[in-house]
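Input: a single structure, listed below in structure tokens.
Remember, it's a predicted structure, so these values are computed and weren't measured experimentally. Because only heavy atoms are used, hydrogens play no part in the values below, and waters and symmetry mates are left out as well, while side chains stay in. Letters go in sequence order (proteins before strands), and every chain restarts at 1.
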Protein chains: 2
Amino acid sequence: MRLIVARCSAIYEGRLASTLTEAVRLIMLKADGCVAIHADSGAYKPMNWMNAPNVISEEPTRLVVTNPKGEQLTITLHEVIADVSYPLDVERGLTLDGVERDLQLLLAEHPDHLEDGLRLVQREFRTDVGPVDLLCRDRDGNAVAVEIKRIGEIDGVEQLTRYLDRMERDPMLTPVRGVLAATIVKPQARVLAESRGIGWREIDLAYLRGQKDAQPRLF
Amino acid sequence: MRLIVARCSAIYEGRLASTLTEAVRLIMLKADGCVAIHADSGAYKPMNWMNAPNVISEEPTRLVVTNPKGEQLTITLHEVIADVSYPLDVERGLTLDGVERDLQLLLAEHPDHLEDGLRLVQREFRTDVGPVDLLCRDRDGNAVAVEIKRIGEIDGVEQLTRYLDRMERDPMLTPVRGVLAATIVKPQARVLAESRGIGWREIDLAYLRGQKDAQPRLF
DNA sequence: AGGTGTATGTCGCAT
DNA sequence: ATGCGACGTACACCT
């Protein structure tokens, strides 16, 4: 990891064009060839950046970064204030918990949390427009397709609509109902879902976890 | 901008939970209170981060970052290799060129570039499933909904279809035609649009810009 | 390599 | 603040 603090300007030309006027900023050059120009605000997004792989050409007052797609970032160094390098460890240590996959596994274990009497048939049921998160049967034996999102938005309703459209054509499945399940279902997604006869349900992740923890003790 | 290179571990608890095992990484502390932990790969995304505003509590071997939403990042410092600070300039210098907003403003000024006799009624016309980029009337006085994209893909057709579906129900608007406008309209988007009776049009951004520059000289 | 779906997305702009 | 759409989205995973 090489860190350059410099008064610099920059031009990016690629998917769009941008110019960055002269100011003191941090330039990060990572071991994999990534380059990022950071200002003193905004943790996530650099002012300009180039993802690996890149070819970096270093001249006395310029850094020219080019990638195979033909995008180019040209950094002009007007005054270098610091230029230091440190070897960092190769990364392997990040684990996440609480993403959509976790929701899916929990609901697969407790489909009745969505609707009384619901039974799981298959997780990741394949259609030719993509996999449905959960295929279930309700208490009457009718098919129910469940689309799971961390946050339920219009996209999720569209996705589920495409699945339902395909599944309705399968005589083994039709009629199929759809349910959008998410920790939060946004208002516009509710409106769209309802207008299409699709159900929606907000999931209490903590409660579901409680169920999971409690279950083994019951037997 | 404070830069700490340290052998560290971290725990994030917020929208989800994550743990980061011990390794040498860069910790960025920005002037606005943002914090990011960067590994030596991936220009864009830190391993962990906290966006402003934050409260940062510094102890001898720990940094605890808390935001008003209750999210928390706890960084344990096992060995500090470097800890330096630099004052950076306040940022003001980034300009972009060629994005959707430009297209929208230009087409709002020159709706007739889309179709002869087209007049603008409203930009960002609101429906309950989101705003339509341009609401226009054609030479016969019928409503035309225009969805603008930099690159026209299937998503744009889906979006416009949703708007049209809602707008058709409004007696003040119906019948409504749809037009997808983009600098490039991809083949699949053309096919889907046509199959739904939606028009599409490729926009010459340079020509539109010329129009804009030329216009004042005409009067 | 290209397409699809997720994201602690972030960011800007609207109500 | 919340809602919503765009983004040089990035990124992982699949065919």
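The side chain of B/K149 lies closest to D/dA6 when the candidates are D/dT9, C/dT8, D/dA6. The A/R126 side chain lies nearest to D/dT15 when the options are D/dT15, D/dA6, C/dG5. Checking C/dT8, D/dG8, C/dG5 against the side-chain heavy atoms of A/Q159 singles out C/dG5 as nearest.
Comparing A/K45 and B/K45 by the nucleotide of DNA chain D that holds the closest heavy atom to each, the one mapping nearer the 5' end is A/K45. Heavy-atom nearest nucleotides on DNA chain D were determined for B/G42 and for A/E71, and the one closer to the 5' end corresponds to A/E71.
Rounded to whole Å, the separation between the P atoms of C/dT4 and C/dT8 comes to 22 Å.
The pair A/R162-A/E147 fails the salt-bridge criterion, with no side-chain N (NZ, NE, NH1 or NH2) lying under 4.0 Å from an Asp/Glu carboxylate O. A salt bridge between A/E58 and A/R2 is present, with a side-chain N of the basic residue lying under 4.0 Å from a carboxylate O of the acidic one.
Rounded to whole Å, atom C1' of D/dC7 lies 13 Å from atom CG of B/L94. Atoms CZ (A/R101) and C1' (C/dG5) sit 14 Å apart, rounded to a whole Å. Between the C1' atom of C/dC11 and the OH atom of B/Y44 lies a distance of 9 Å, rounded to the nearest Å.
In this model, no side-chain donor or acceptor of A/D155 finds a partner on the base of C/dG5 within 3.5 Å. Not a single donor-acceptor contact under 3.5 angstrom links the side-chain atoms of B/N51 to the base of C/dT10.
Side-chain N or O atoms of A/D40 include one that pairs as donor or acceptor with a backbone N or O of B/A31 at under 3.5 Å.
Annotation for B/E13: atom CD does not count as buried by contact number, only 12 or fewer foreign heavy atoms lying within 6.0 Å.
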